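These notes are about the structure you will find just below.
If you're wondering where the values come from, they're calculated on a predicted model, not measured in any experiment. So you know, we letter chains A, B, ... as the sequences are listed, proteins then strands, and number each from 1.
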2 protein chains.
Amino acid sequence: MSLHQKILGEVEAHILSGDWPPGYRIPFEHELTEQYGCSRMTVNKALSELVKRGLIERRRKSGSYVTFPQVQSAVMEIHDVKLEVESLGLDYAYYRDARSVRRINAGDGGRIDLPTASRLIDITCRHFAGGRPFCFEERLISLSAVPEAEGEAFDAVAPGSWLLGKVPWSTAEHRIRAVAATRPAAQALDIAVGSPCLVIERRTWSGGAPVTSVRLTYPGDRHELVAEFQPSAIV
Amino acid sequence: MSLHQKILGEVEAHILSGDWPPGYRIPFEHELTEQYGCSRMTVNKALSELVKRGLIERRRKSGSYVTFPQVQSAVMEIHDVKLEVESLGLDYAYYRDARSVRRINAGDGGRIDLPTASRLIDITCRHFAGGRPFCFEERLISLSAVPEAEGEAFDAVAPGSWLLGKVPWSTAEHRIRAVAATRPAAQALDIAVGSPCLVIERRTWSGGAPVTSVRLTYPGDRHELVAEFQPSAIV
DNA sequence: AAGTGGTCTAGACCACCGA
DNA sequence: CGGTGGTCTAGACCACTTA
């Protein structure tokens, strides 16, 4: 492994571990130069790559700083409905409909892959944009992965936003479908039963263990997913 | 603009224009060094970036070569409906419904961003899986970007498959929505007007110029998009 | 064996911008 | 004004690979 890769990896590790939080000023080039006993070009190569990856930003005379988490990056990252609504310039509101703690059962079939009789939280809630229903959310959270969730009522902050700041995730899988609105979804979203809806099911893991599974139902005429790719962006 | 960016841009232009086709050996570093009157590091910086973008690959002692277009990647890359169907283990069939060469008009509003009166090909076709309609495709292809398309009837090979092996792409944008089936789509897919459909609109650019725009309509109950992400994979 | 790319050095000049 | 990052140079050594 080359030296600039080593430097890149170590700085990246500091950032991803939270050791160097957003806004933190990382060491100057000349400091890293001393620390690694190499020339400035080598350090510069590593830091330039981190800029391309969006992990740091650099300001002349001032230094290099860890960037604040990408809100909704180019692809279809973990996205927080609240941020999504606010980025549209609309008022956001949240309402929790139901919350229960229970054991997993056959009705959850496949939604979340946990051992029999695992305990989980089952939540349904709604997100509003500009006063209109924007998204209907049905979520399961594994209590073995996130024990603190049991103490949360989720009546002020949405479970998605709460989890985002709480649990680091390592993998997410999205399934995206078009469906006819079911009765509960139609009621929640104030649309006709059977009208087209975009459904996004996201399952998230952290270190191999399932964390949460969420089904987001959007009225088809009010939502659109946008994803931009570059060939090299694929790992 | 810095010199390494200039070199990068010019080499990229040669590749994207087809001037330097896949397999072509681009000039050696020392040749570019002479041509641009700069040091090897500067040339190297440009070429290393092209490796990251997947446009070239480099072999010691041999030289640097334009790569062959990537076919399909992990996420929701440019995807070929034919490969998609075959990966499901179903028989694939293709039928071209209509094809015309015309000038862009107001009705194309926003689907493809070309100058007034640009010439393009307008195609509608269908993909079948296991004998059943699987996808309805409406596509525009810019003739200024892909002049060879004018000689293609697209009655045996789908335009998507044809383009994939022909034109390198640099950026793609997806828009994903749920809609009620329009009359033409419903007829093509043999479903009821108004039933939910998943619509994927993909626009593709090559070196900043629009290449093609396609709208794929899938019956909502027969299709699902799956995408898997890892946090670090984001650029 | 020879020529390529991979990496690194120890400087340099410059633009920018915050103190 | 001074310190930072952005860029570039003219070398160097090495690993690899293939001609």
Side-chain angles (χ1 to χ4, degrees), chain A residues 1-16 19-68 70 230-232 235, chain B residues 1-16 19-68 70 168 235:
Chain A
M1 179 192 270
S2 60
L3 182 52
H4 71 261
Q5 284 177 330
K6 178 182 173 181
I7 298 174
L8 192 155
E10 295 190 4
V11 172
E12 189 182 46
H14 275 115
I15 296 174
L16 292 181
D19 190 11
W20 292 350
Y24 181 87
R25 207 212 77 229
I26 74 173
F28 297 126
E29 287 194 352
H30 68 82
E31 291 172 330
L32 292 170
T33 282
E34 280 177 33
Q35 181 178 331
Y36 287 97
C38 66
S39 79
R40 223 189 107 206
M41 279 249 32
T42 307
V43 168
N44 185 279
K45 189 164 187 171
L47 298 191
S48 298
E49 179 60 27
L50 286 172
V51 170
K52 278 187 203 139
R53 299 194 189 178
L55 284 177
I56 64 171
E57 57 186 29
R58 320 190 68 190
R59 289 194 286 276
R60 283 171 163 116
K61 161 72 182 173
S62 175
S64 302
Y65 298 83
V66 178
T67 51
F68 288 82
Q70 316 96 355
Q230 254 121 59
S232 63
V235 177
Chain B
M1 179 191 272
S2 61
L3 183 51
H4 71 262
Q5 285 177 330
K6 177 183 174 181
I7 298 173
L8 192 155
E10 294 189 6
V11 172
E12 187 182 46
H14 276 115
I15 295 174
L16 294 180
D19 189 12
W20 292 349
Y24 181 87
R25 207 213 79 230
I26 74 173
F28 296 126
E29 287 194 352
H30 69 80
E31 291 172 330
L32 292 171
T33 282
E34 280 179 31
Q35 182 177 329
Y36 288 96
C38 67
S39 79
R40 225 190 105 206
M41 280 254 19
T42 307
V43 168
N44 186 279
K45 188 163 188 171
L47 298 191
S48 298
E49 178 62 24
L50 287 173
V51 169
K52 280 189 202 137
R53 299 194 189 178
L55 283 177
I56 64 171
E57 57 186 30
R58 321 190 66 189
R59 289 194 287 276
R60 282 169 163 122
K61 161 74 181 172
S62 174
S64 303
Y65 299 83
V66 178
T67 51
F68 289 83
Q70 318 95 353
V235 177

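Residue contacts shown for Ser64(B) are limited to sugar-phosphate atoms, with no base heavy atom under 4.0 Å away. Using a 4.0 Å heavy-atom cutoff across all strands shown, Leu47(A) reaches no nucleic acid atom at all.
Counting only heavy atoms from C-beta on, Ser2(B) has its side chain closest to dC8(D) among dC8(D), dG5(C), dG6(D). When distances run from any side-chain atom of His4(B) to the nucleotides dG5(C), dC8(D), dG18(C), the shortest one goes to dC8(D). Considering only the side chain of Lys61(B), dG3(C) comes nearest among dT7(D), dG3(C), dG6(C). Taking only side-chain atoms of Arg60(A), from C-beta outward, the nucleotide of dT9(C), dG6(C), dC16(C) with the closest atom is dC16(C). Residue Thr42(B) places its side chain closer to dT9(D) than to any other of dT9(D), dC13(D), dC17(C).
The side-chain heavy atoms of Asp19(A) and Tyr24(A), taken from C-beta on, include no pair separated by under 4.5 Å. Annotation: side chain of Glu49(A) is in contact with side chain of Lys52(A) (closest heavy-atom distance under 4.5 Å). In this structure the side chain of Cys38(A) reaches within 4.5 angstrom of the side chain of Val43(A), judged on heavy atoms. The closest side-chain heavy-atom distance from Met1(B) to Leu8(B) is not below 4.5 Å. Residues Thr42(A) and Tyr36(A) have side chains not in contact (no heavy-atom distance under 4.5 Å, counting atoms from C-beta outward).
Between the P atom of dG6(C) and the NZ atom of Lys52(B) lies a distance of 11 Å, rounded to the nearest Å. Atom pair Arg40(A):CZ and dT7(C):C1' shows a separation of 18 Å (rounding to whole Å applied). Across the protein-nucleic acid pair, Met41(A) atom CE and dG5(D) atom P stand 14 Å apart, rounded to whole Å. Here dC8(D) presents its C1' atom at 17 Å from CE of Met1(B), a figure rounded to the nearest Å. Between the CD atom of Glu31(A) and the C1' atom of dG5(D) there is a distance of 14 Å, rounded to whole Å. The CG atom of Leu32(A) sits 18 Å away from the P atom of dG3(D) (whole-angstrom rounding). The interatomic distance linking Glu34(A) (CD) with dT4(D) (P) rounds to 11 Å, in whole Å. In this structure, Lys45(A) atom NZ and dG5(D) atom P are separated by 19 Å, rounded to whole Å.
Within the 4.0 Å cut-off from OP1 or OP2 of dG6(D), at least one side-chain nitrogen or oxygen of Arg58(A) is found.
Along DNA chain C, the nucleotide closest to Gly37(A) and the one closest to Arg59(A) are compared, and the more 5′ of them pairs with Gly37(A).
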